[in-house]
J.: 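Once you've had a glance at the structure underneath, I'll fire off some questions.
Naming convention: chains lettered A, B, ... in sequence-line order (proteins, then strands); numbering from 1 in each chain.
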2 protein chains.
Amino acid sequence: MTKREEFILQSLQLIHQKGFKATTIRDIAASMDCDVSNVYNYIDSKQGLLETHLFAINEEFHENVDQIIESSYAPKDKIKKLISCYVDLTVSRPLESSLLVNEWRNLKEPKLSKFIKARESFERKVKKIIIEGISEGAFRQMDAELATFSMLSSVRWLFNKYAGKKIKVNKVQVEKEIVDFVLNGLND
Amino acid sequence: MTKREEFILQSLQLIHQKGFKATTIRDIAASMDCDVSNVYNYIDSKQGLLETHLFAINEEFHENVDQIIESSYAPKDKIKKLISCYVDLTVSRPLESSLLVNEWRNLKEPKLSKFIKARESFERKVKKIIIEGISEGAFRQMDAELATFSMLSSVRWLFNKYAGKKIKVNKVQVEKEIVDFVLNGLND
DNA sequence: TTATTGTATCAACATTTGTTGATGTAAATT
DNA sequence: AATTTACATCAACAAATGTTGATACAATAA
């Protein structure tokens with residue numbers, strides 16, 4: 001692992017543990033046992049560090065999501081695909097995923113607005129799928145907004161389980177468990 | 001509304017919006033149009049502000065939770081009660097609830113460990129209920145841990161919807177929607 | 001060989017930020 | 001009337017924190 005890669009890993013690790021604001025440049029430097037000023041060999045600014053990684057994973061995520069949404073899958077299958085997509089990203093890059101959930105508020109304008117707009121747009125699309133599913137009779141009658149957020153939240157916590165731990169994960173099994181929960185709940 | 005109450009409201013509001021670390025004493029002072037030093041008429045320290053409100057709502061929550069858990073309700077009804085309990089607290093005090101979800105990591109030792117222990121203890125209890133429900137046949141076969149966190153996440157996002165907005169909410173209806181989601185999912 | 005790239009060191013600065021002390025004043029409580 | 005309570009003002013400090021500039025040295029690429 002090159003020093004630059006170690007830097008990225010340690011930075012994301014620290015940000016995950018303590019939060020972006022609470023993570024100082026000196027923390028990062030200490031974690032890789034180097035001088036403070038050395039950190040600036042890898043970044044332009046602390047803010048830039050956040051922006052880079054946050055938007056990198058965000059854009060990758062939304063590209064995948066849009067392909068699913070624009071597909072001709074039925075609502076229920078779109079939801080399944082979305083969950084797979086989210087789990088996939090989370091399991092393979094939990095530290096960056098944590099930025100999407102926890103650290104976006106530390107963005108500054110205009111990046112902050114850009115992110116919020118993208119996220120709201122995404123949530124609207126998901127809500128639309130659910131509404132469609134309800135009117136098709138695939139889903140039961142319910143408050144689409146509450147359902148949307150409950151469903152998204154069921155996946156959004158997941159990075160916590162994998163960030164910073166070396167767990168061998170059966171990604172497919174995790175996807176199945178979450179899909180089952182979202183579609184069928186605890187009952188049966 | 002007394003000045004002290006305004007102070008508490010504005011503080012929690014700001015912390016909810018920007019996060020605890022990003023909220024400065026000067027921000028708080030500005031929001032109630034007073035001098036910086038004036039803030040210290042109401043608090044001992046910024047850290048104390050967080051600790052006070054976070055543990056206040058945390059302890060209230062856990063008292064309610066424990067009564068439910070130690071009751072003789074069947075697992076499914078315990079889950080329903082737990083959701084009611086959580087929704088209730090969230091809807092009536094969303095700003096403080098946000099501390100429980102977002103700001104606990106800004107606690108310092110030993111308070112941080114104290115909080116984490118309590119939360120993990122709570123999560124274990126919920127997991128136990130789910131395991132019991134599975135073995136009784138009330139719930140379907142599934143990974144109890146994933147189910148626990150998925151279920152809890154389905155409620156934990158809720159404060160976002162009510163914090164800082166003056167929305168007239170039918171608490172009972174929200175509880176029903178979330179219970180339906182957790183028990184039955186989107187399907188039917 | 002020369003130029004570039006990745007990494008390292010040391011000192012220093014400007015801002016931000018939490019916090020304090022000393023003090024004043026009007027209203028409420030005793 | 002005396003005293004406590006709630007709230008206000010002003011000036012100032014110490015620590016934390018992001019950032020820079022100047023420099024060096026070894027490996028790699030041209």
J.: Could you state the CD-C1' distance from A/Glu6 to C/dG6, rounded to the nearest angstrom?
T.: 14 Å
J.: Rounded to the Å, how far apart are A/Asp44 CG and D/dT19 C1'?
T.: 11 Å
J.: For the side chain of A/Asn41, counting heavy atoms from C-beta on, which of C/dT7, D/dT9, C/dA11 is nearest?
T.: C/dT7
J.: Give A/Arg26 one of three labels, base, sugar-phosphate or nothing, depending on what nucleic acid heavy atoms sit under 4.0 Å from its own.
T.: base
J.: Could you check whether A/Lys117 pairs with A/Glu123 (Lys NZ or Arg NE/NH1/NH2 to Asp/Glu carboxylate O, under 4.0 Å)?
T.: no
J.: From the list D/dC7, C/dC10, C/dG18, which nucleotide is the closest neighbour of the side chain of A/Asp35?
T.: C/dC10
J.: If you compare every side-chain N and O of B/Tyr40 against the phosphate oxygens of C/dG21 (OP1, OP2), does one of them come in below 4.0 Å?
T.: no
J.: Within this structure, what is the NZ-to-P distance between B/Lys21 and D/dT17, rounded to whole angstrom?
T.: 6 Å
J.: Looking at B/Asn38, does any N or O in its side chain come under 4.0 Å of the phosphate oxygens OP1/OP2 on D/dC7?
T.: no
J.: Counting side-chain heavy atoms from CB outward, which of D/dT17, C/dG21, D/dT19 is closest to B/Ser37?
T.: C/dG21
J.: When you get a sec, tell me which of C/dA8, D/dT9, D/dT19 is the closest nucleotide to the side chain of A/Tyr42?
T.: C/dA8
J.: Grab the CD-C1' distance between B/Gln47 and C/dG18 for me, whole Å please.
T.: 11 Å
J.: I need the single residue from B/Glu175, B/Glu177, B/Lys176, B/Lys171 that forms a side chain to side chain donor-acceptor pair (under 3.5 Å) with B/Gln173. Which is it?
T.: B/Glu177
J.: For B/Met32 and for A/Ala22, locate the closest nucleotide of DNA chain D by heavy-atom distance; then report the residue assigned to the nucleotide nearer the 5' terminus.
T.: B/Met32
J.: From CD1 of A/Ile43 over to P of D/dT19, roughly how many Å is that when rounded to an integer?
T.: 7 Å
J.: For the pair A/Lys114 and A/Glu59, find out whether any cationic side-chain nitrogen is under 4.0 Å from an anionic carboxylate oxygen.
T.: yes
J.: Among D/dT19, C/dT9, C/dG21, find the nucleotide with the atom closest to the side chain of A/Val36.
T.: D/dT19
J.: Between P on C/dT7 and CZ on A/Arg4, what's the gap in Å once rounded to a whole number?
T.: 6 Å
J.: B/Phe149, B/Met142: one ILVMFWY side-chain cluster at the under-4.5 Å cut-off?
T.: yes
J.: To the nearest angstrom, how far is B/Ile25 atom CD1 from D/dA16 atom C1'?
T.: 15 Å
J.: What is the nucleic acid contact for A/Thr2, judged by heavy atoms within less than 4.0 Å: base, sugar-phosphate only, or nothing?
T.: sugar-phosphate
J.: Output yes when A/Lys21 and A/Glu103 qualify as a salt bridge under the 4.0 Å nitrogen-oxygen rule, no when they do not.
T.: no
J.: Specify the separation, in whole Å, of atom NZ of B/Lys46 and atom C1' of C/dT19.
T.: 12 Å
J.: Ignoring backbone atoms, test whether B/Lys3 places a side-chain nitrogen or oxygen under 4.0 Å from the OP1 or OP2 oxygen of D/dC7.
T.: no
